[in-house]
Amino acid sequence: MKEIKHFINGEYVESASGKLFDNVNPANGQVIAKIHEAGEAEVDAAVKAARAALKGPWGRMTVAERTEILHRVAAGISARFDEFLEAECLDTGKPKSLASHIDIPRGAANFSVFADLVKNVPTEAFEMATPDGTGALNYGVRRPKGVIGVISPWNLPLLLMTWKVGPALACGNTVVVKPSEETPTTTALLGEVMNAAGVPAGVYNVVHGFGGNSAGAFLTAHPDVDAYTFTGETGTGETIMRAAAKGVRQVSLELGGKNAGIVFADCDLDKAIEGTLRSAFANCGQVCLGTERVYVERSIFDEFVARLKAGAEALVIGPPDDASSNFGPLVSLKHREKVLSYYQQAVDDGATVVTGGGVPEMPAHLAGGAWVQPTIWTGLADNSVVVTEEIFGPCCHIRPFDREEEAIELANSLPYGLASAIWTENASRAHRVAGQIEAGIVWVNSWFLRDLRTAFGGSKQSGIGREGGVHSLEFYTELKNICVKL
Ligand code: NAD
């Protein structure tokens with residue numbers, strides 16, 4: 001059976017403890033590989049390698065040399081596109097049609113975009129008067145922050161990991177990555193690409209394992225990591241923030257959401273239906289930016305519900321290799337248990353199940369997979385946990401509203417503030433409402449349209465900090481002021 005090993009100081013290594021755990025294909029429940037679980041020794045070795053590389057050739061390279069290497073990393077991912085695609089789809093179960101146009105190309109782009117970006121960012125300079133009349137000159141320089149701990153989730157494994165590693169390396173840092181225990185393969189495979197591209201040993205390190213009392217906790221407890229960047233659940237973010245407080249290490253947290261879509265009667269209904277279908281059901285609903293609460297103006301409520309139901313029922317459920325399928329399984333049976341508990345709760349809370357609500361019947365060879373039906377509810381109270389908690393499954397609740405202010409109030413009513421989508425053809429309303437939504441990103445008449453130069457992150461309990469474009473530099477560099485007395 002294939003084994004997935006740590007990648008430390010440019011080499012694949014096994015766990016000294018010999019501890020292995022299963023990597024399961026969520027489409028059929030079969031074990032596809034054994035993953036080495038890191039103990040404190042492997043995490044320490046990875047951090048030491050990263051520290052040494054910072055002081056070694058990587059730290060001495062010019063920006064031009066470093067970014068040229070990162071372009072080779074991007075090209076290396078593209079050259080091995082099919083291998084990355086296969087690995088990502090085996091780990092996650094997601095349709096190849098989806099991963100081939102989002103996960104893998106964006107994984108490569110995260111290196112080339114940030115390699116280009118760091119070359120063109122100015123800093124500041126201030127001339128200052130001094131009492132003796134000679135004056136002083138202040139100027140800013142950016143320096144790498146150091147060794148960055150990267151902890152990533154399972155929903156978009158390569159994309160969300162490289163979204164952090166790309167800018168971290170472009171800024172001259174070194175990294176120790178702890179991918180999700182559910183989806184380690186592409187993060188491990190990237191080590192080969194790094195070596196082939198000429199990334200010096202120790203710049204990119206990977207340790208596998210779980211969160212608490214495993215690789216994740218060992219990494220966040222390690223005193224020689226300078227900062228942590230994390231994507232995952234809000235509760236995990238709190239735990240990581242507590243660990244990072246020891247030694248006053250900085251954190252960048254991209255956390256959970258319970259995102260609202262607002263559909264006004266003056267929208268283009270075709271666009272609103274298409275966009276809401278994607279935002280509720282793409283990647284089997286496992287997108288942090290996805291819409292789980294839909295507020296629809298009352299005059300078009302019935303038509304919207306009927307058309308969204310038709311769209312959900314037209315989704316083609318199937319395994320990654322099935323070219324006609326656009327709806328895969330959840331990431332694991334454990335996650336399905338959680339999603340199904342909300343499906344049950346919705347019924348207990350008196351929801352009308354418009355469609356779905358259970359497990360689809362699958363052919364025998366897929367019956368062991370984590371399949372679940374796309375699900376739509378109406379009729380729940382605003383305080384039902386189904387409407388207030390992140391489910392992270394292919395489901396949404398639709399509720400009517402009468403006034404614009406009411407829709408804004410509903411959208412803003414939860415402690416999360418990650419993303420929102422507004423559907424209206426009235427430009428004044430679009431700007432007026434978008435400005436009032438408490439979220440890090442608001443789409444008007446679209447969803448998941450991402451320009452990597454723009455700020456990305458959550459407000460309220462959906463995160464701390466912004467990454468993307470020059471904002472990534474705020475986190476991945478130290479801005480130092482040099483004051484020269486003339
Ligand atoms: P998770 O928080 O369970 O796990 C994320 C990572 O943290 C994994 O690698 C896990 O092993 C690790 N981890 C868990 N406990 C830890 C601990 N105590 N110490 C150190 N590391 C620990 O999240 P998940 O289930 O993998 O991902 C789904 C969640 O991620 C959802 O809440 C989703 O909204 C969120 N998410 C947010 C964004 C965003 O950009 N805001 C993007 C994608 C996913």
Side-chain angles (χ1 to χ4, degrees), residues 21 26 35 37-38 40 43 91-92 102-103 106 149-164 176-184 187 206-222 225 228-244 246 249 251-259 279 282-292 330-332 334-339 370 389-393 414-420 439-441 448 450 452 455-468 471-472:
F21 63 100
I35 309 164
E37 182 180 354
E40 282 170 298
V43 172
D91 274 4
T92 59
I102 296 198
D103 301 62
R106 273 281 303 278
V150 178
I151 300 177
S152 48
W154 45 256
N155 60 328
L156 297 154
L158 182 72
L159 188 160
L160 290 175
M161 180 270 297
T162 53
W163 168 246
K164 296 167 177 308
V176 178
V177 184
K178 208 299 280 174
S180 169
E181 55 273 27
E182 307 280 2
T183 55
T187 304
V206 181
V207 288
H208 299 290
F210 302 88
N213 197 28
S214 182
F218 302 150
L219 182 58
T220 54
H222 199 293
V225 177
Y228 296 95
T229 174
F230 167 75
T231 300
E233 284 181 13
T234 296
T236 313
E238 288 174 344
T239 305
I240 289 175
M241 205 173 169
R242 270 194 293 275
K246 178 113 179 114
R249 278 89 55 81
V251 289
S252 172
L253 304 177
E254 297 185 343
L255 308 178
K258 184 74 179 178
N259 309 304
S279 70
N283 206 34
C284 201
Q286 303 164 117
V287 181
C288 55
L289 307 163
T291 305
E292 290 190 358
L330 290 168
V331 75
S332 65
K334 186 170 147 234
H335 187 51
R336 184 171 74 170
E337 250 175 64
K338 175 184 161 189
V339 171
E389 294 179 3
E390 181 185 51
I391 300 170
F392 220 55
L414 298 185
Y416 290 115
L418 188 54
S420 194
I441 185 163
F448 212 164
R450 284 281 302 129
L452 301 188
F456 181 84
S459 58
K460 304 205 268 187
Q461 291 181 21
S462 290
I464 290 185
R466 293 292 180 271
E467 296 194 29
H471 312 285
S472 291

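Start at 1 and go down the list; that is how both ligands and their atoms are numbered. Any value given below was found using the heavy atoms of this structure, including those in side chains, with hydrogens, waters and symmetry copies removed.
- Contact annotation: for Glu181 versus ligand 1, heavy atoms closer than 4.0 Å belong to the side chain alone.
- Shown here for Lys178 and Gly209, the closest heavy-atom pair between the two residues is NZ-O, 2.8 Å.
- Residues Ile35 and Glu181 approach most closely at CD1-O, 3.6 Å, considering heavy atoms.
- Residue contact check: Leu418 has heavy atoms under 4.0 Å from atoms 41 (N) of ligand 1.
- Within the 3.5 Å criterion, the main-chain N or O of Arg249 finds no donor-acceptor partner in the side chain of Tyr228.
- Close contacts between ligand 1 and Pro179 involve ligand atoms 9 (O) [criterion: under 4.0 Å to a heavy atom].
- At under 3.5 Å, a nitrogen or oxygen of Glu233, whether backbone or side chain, sits near a nitrogen or oxygen of ligand 1.
- Only the side chain of Thr236 comes within contact range of ligand 1, with a heavy atom under 4.0 Å; no backbone atom does.
- At a 3.5 angstrom cut-off on N or O pairs, Glu390 counts as close to ligand 1.
- Checking only distances, Trp154 does come within under 3.5 Å of ligand 1, N or O to N or O.
- Of the protein's heavy atoms, Pro153 CB, 3.4 Å lies nearest to atom 27 (O) of ligand 1.
- Ala439 and Ser459 make their closest contact through CA-OG, 3.5 Å (heavy atoms, listed as atom of the first residue, atom of the second, distance).
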Q: Please lay out, stage by stage, how Glu390 and Lys258 fare under the test salt bridge (Lys or Arg N to Asp or Glu O under 4.0 Å).
A: CA-CA 5 Å; Glu390 181 185 51; Lys258 184 74 179 178; over 6 Å; no
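- Contact analysis leaves Gly237 out of contact with ligand 1, as no non-hydrogen atom separation drops below 4.0 angstrom.
- Residues that satisfy the salt bridge (Lys or Arg N to Asp or Glu O under 4.0 Å) test with Asp103, not counting sequence neighbours, are Lys94.
- Between Ser152 and ligand 1, a contact under 3.5 Å exists for at least one N or O pair.
- A 4.5 Å side-chain heavy-atom check between Pro179 and His208 finds at least one atom pair inside the cut-off.
- When the options Gly149, Gly257, Gly211 are ranked by their closest heavy atom to atom 17 (C) of ligand 1, first place goes to Gly211.
- Some N or O of Leu255 is nearer than 3.5 Å to an N or O of ligand 1, by distance alone.
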Please set out all donor-acceptor pairs under 3.5 angstrom arising from side-chain atoms of residues 149-156, sequence neighbours excluded.
| unit_1 | atom_1 | unit_2 | atom_2 | d |
| --- | --- | --- | --- | --- |
| Asn155 | ND2 | Gln286 | O | 3.1 |

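- Nearest to atom 28 (C) of ligand 1 among the protein's heavy atoms is Phe392 CE2, 3.6 Å.
- Taking a cut-off of under 4.0 Å to the non-hydrogen atoms of Phe456, the atoms of ligand 1 that pass are 40 (O).
- Within a 4.0 Å radius of atom 4 (O) of ligand 1, the protein contributes no heavy atom.
- The backbone N or O of Ala419 sits less than 3.5 Å from a side-chain atom of Asn259, completing a donor-acceptor pair.
- Considering Leu253, Leu159, Thr239, Leu219 only, the shortest heavy-atom separation from atom 18 (N) of ligand 1 involves Thr239.
- Of all the atoms in ligand 1, the ones that sit under 4.0 Å from a non-hydrogen atom of Lys178 are 8 (C), 9 (O), 10 (C), 11 (O).
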**Q.** Criterion side-chain contact (heavy atoms from CB on, under 4.5 Å) on Arg106 and Leu158, from CA distance to verdict
**A.** CA-CA 8 Å; Arg106 273 281 303 278; Leu158 182 72; over 6 Å; no
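- If you check which protein heavy atom lies closest to atom 12 (C) of ligand 1, you get Ile151 CG2, 3.6 Å.
- In terms of heavy-atom proximity, Val207 sits nearest to Ala38 at CB-CB, 4.0 Å.
- The minimum heavy-atom distance linking Asp91 with Val331 is given by the pair O-CG2, 4.4 Å.
- By the neighbour-count criterion of 12 heavy atoms within 6.0 Å, atom NZ of Lys338 is densely surrounded, having more than that number from other residues, nucleotides or ligands.
- The protein heavy-atom contact nearest to atom 35 (C) of ligand 1 is Gly232 O, 3.3 Å.
- Less than 4.0 angstrom separates some heavy atom of Leu160 from each of these atoms of ligand 1: 42 (C), 43 (C).
- If you number the atoms of ligand 1 from 1 as listed, the ones under 4.0 Å from a heavy atom of Asn155 come out as 43 (C), 44 (C).
- Between Lys460 and Leu418, the closest side-chain pair of non-hydrogen atoms is not below 4.5 Å.
- Of all the listed residues (Gly458, Cys288, Ala217), Cys288 holds the heavy atom that lies closest to atom 39 (C) of ligand 1.
- The protein non-hydrogen atom at the shortest distance from atom 21 (N) of ligand 1 is Gly216 CA, 3.6 Å.
- Less than 4.0 angstrom separates some heavy atom of Glu254 from each of these atoms of ligand 1: 37 (C), 38 (C), 39 (C), 40 (O), 41 (N).
- Close contacts between ligand 1 and Gly212 involve ligand atoms 15 (N), 16 (C), 17 (C), 18 (N) [criterion: under 4.0 Å to a heavy atom].
- Not a single heavy atom of Gly463 sits under 4.0 Å from any atom of ligand 1.
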(Q) Evaluate Ser252 against Lys164 for side chain to side chain donor-acceptor pair (under 3.5 Å), listing each step before the verdict. (A) CA-CA 10 Å; Ser252 172; Lys164 296 167 177 308; 4.8 Å; no
